[in-house]
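This chain uses plain numbering: 1 for the first residue, then up along the sequence.
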Amino acid sequence: IWPRNLPFNVTYYGESFSTFSICDNGYITMGEAWWANFLNTNIPAPQNAPAMIAPFWDDMAGPLYVRYHHDEENGRFIIGWNNVRSNDTYQYQTFEIIILDTEQWPTTTGDNEIIFQYQMATNPYSASVGICNNVRDDGIQYLFNNDYTPGAANVYNERAIKFTTGSEYMVDIDDQAEAILPNKLSLSQNYPNPFNPTTNIGYQLPADSYVNLEVFDILGRKVRTLVDQTQAAGHWTISWDSRDSDNQPVSAGVYFYKLTTNNEQLIKKMILLK
């Protein structure tokens, strides 16, 4: 874990920091820290690093490339992990932390906004994602060992997550919800595909609807029901861990997932490799 100077003072949980420390296991801390735990836990917890900012806390293997850059013109400080491998899943990840300068991106409390951005996030089920304060008794957990906070979208390629205390330039939440509401029912191709053992299935609802999402094998036999309830209009993502209704792993092969709503039905194909 390496301490470095920040290009601008960062206010984090109300405390000002002029330095930060990088850990190759997928997180940074505000200030100087010696904590380099590779065994991820819930956030917050005593096992966290103090003032931890964790976009992908996991046991990472080398060779490791962690770089940082001050984009002064756009008021951003960027710390990135490039093509690092998880020792738990043996999958490669590329992701970054963006800290916004309050001189250009002011917030209502003076705390700097933080963005997690993922270029390549493959099977993050063994990682922790979130932030905590300096004494590790307050924080936000987004993901821990494939357990997402209710309402959290899955971590996958090209996703960004912003932590903010509120800012003048943000769109009002009602206006924002109206602007991004889908205009028709759609079912996305699962990602990753092929996959092993977990994949994400996304779909978009133009209105509140009863939703049934099921997985079938190549012979048309139902393997698992992933969703069976009424859901609000918007964008939804569901994970399938390649287990059947009895929680047993299924065999490799071609599977189909079917989305059924009040008046429409959509089907797509996916491939499980082992």
Would you say the side chain of [Y] lies within less than 4.5 Å of the side chain of [X], judging by non-hydrogen atoms?
X	Y	value
Gln189	Lys268	yes
Met52	Cys132	yes
Phe163	Ile161	yes
Ile99	Arg76	no
Phe8	Ser18	no
Leu185	Leu266	yes
Gln231	Trp236	yes
Phe95	Gln119	no

If I compare all heavy atoms of [X] with all of [Y], which pair ends up nearest, and what's the gap?
X	Y	answer
Pro7	His70	CB-ND1, 3.4 Å
Asn123	Thr198	OD1-O, 3.1 Å
Ala121	Asn157	N-OD1, 2.8 Å
Tyr142	Ala152	CZ-CB, 3.6 Å
Gly26	Pro55	O-CD, 3.3 Å
Ile201	Leu226	CD1-CD1, 3.9 Å

Trace of the side-chain contact (heavy atoms from CB on, under 4.5 Å) decision for Glu96 with Ile79: CA-CA 5 Å; Glu96 64 186 11; Ile79 308 104; over 6 Å; no
Pair His235-Tyr203, ring pair (Phe, Tyr, Trp, His ring centres under 6.0 Å): steps then yes or no: CA-CA 6 Å; His235 302 260; Tyr203 54 94; over 10 Å; no
To the nearest 0.5 Å, tell me how far [X] [atom1] sits from [Y] [atom2].
X	Y	atom1	atom2	result
Phe17	Leu6	CZ	CG	9.5 Å
Phe195	Leu273	CZ	CG	8.5 Å
Asn82	Tyr65	CG	OH	8.5 Å
Leu100	Ile115	CG	CD1	4.5 Å
Tyr12	Thr29	OH	OG1	9.5 Å
Leu272	Ser251	CG	OG	7.5 Å

Geometric class of the [Y]/[X] ring pair [parallel <30°, tilted 30-60°, perpendicular >60°]:
X	Y	result
Tyr191	Tyr156	tilted
Phe20	Tyr68	perpendicular
Trp57	Tyr27	perpendicular

Audit row: Val223, Val250, side-chain contact (heavy atoms from CB on, under 4.5 Å) steps and yes/no: CA-CA 8 Å; Val223 174; Val250 300; 3.7 Å; yes
Exercise: do Ser239 and Asn200 side chains pair donor with acceptor under 3.5 Å: yes
More than 12 heavy atoms of other groups within 6.0 Å of [X] [atom1]:
X	atom1	result
Glu72	CD	no
Glu158	CD	no
Lys274	NZ	yes

According to a 4.5 Å side-chain heavy-atom criterion applied to Ile, Leu, Val, Met, Phe, Trp and Tyr, with indirect links allowed, do [X] and [Y] form part of one hydrophobic cluster?
X	Y	result
Val66	Met120	no
Ile140	Ile28	yes
Ile22	Tyr118	yes
Met270	Ile218	no

Given Asn40, Asp58, Thr89, the one that forms side chain to side chain donor-acceptor pair (under 3.5 Å) with Ser126: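 For Ser126, the side chain to side chain donor-acceptor pair (under 3.5 Å) test succeeds with only one of Asn40, Asp58, Thr89, which is Asp58.
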Asn190 vs Thr199, side-chain hydrogen bond (donor to acceptor under 3.5 Å, both in side chains): CA-CA, chis, key distance, verdict: CA-CA 6 Å; Asn190 66 300; Thr199 191; 3.0 Å; yes
Side-chain ([X]) to main-chain ([Y]) donor-acceptor, under 3.5 angstrom:
X	Y	answer
Gln141	Ile43	yes
Ser242	Pro197	yes
Asn42	Ala45	no
Ser128	Thr41	yes
Asp24	Met60	no
Thr94	Asn83	yes
Arg159	Gln117	no
Asp246	Gln248	no
Asp228	Leu213	no
Asp244	Asn247	yes

Intermediate values then yes/no, side-chain contact (heavy atoms from CB on, under 4.5 Å), Phe77 and Ile97: CA-CA 8 Å; Phe77 182 55; Ile97 299 170; over 6 Å; no
Pair Ser209-Thr261, side-chain hydrogen bond (donor to acceptor under 3.5 Å, both in side chains): steps then yes or no: CA-CA 6 Å; Ser209 307; Thr261 65; 5.3 Å; no
Option from Tyr255, Tyr257, Phe216 for which ring pair (Phe, Tyr, Trp, His ring centres under 6.0 Å) with Trp240 holds: Tyr255
Salt bridge flag under 4.0 Å for residues Arg224 and Asp241: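 A salt bridge links Arg224 with Asp241.
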Stepwise side-chain contact (heavy atoms from CB on, under 4.5 Å) test for Tyr148 and Val155: CA-CA 9 Å; Tyr148 285 88; Val155 172; 3.9 Å; yes
CA sep, side-chain torsions, deciding dist, call: Thr11, Asp111, side-chain hydrogen bond (donor to acceptor under 3.5 Å, both in side chains): CA-CA 5 Å; Thr11 301; Asp111 290 78; 5.9 Å; no
Proximity of Phe56 and Phe116 rings by center, below 6.0 Å: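 Judged by ring-centre distance (under 6.0 Å), Phe56 and Phe116 do not meet the cut-off.
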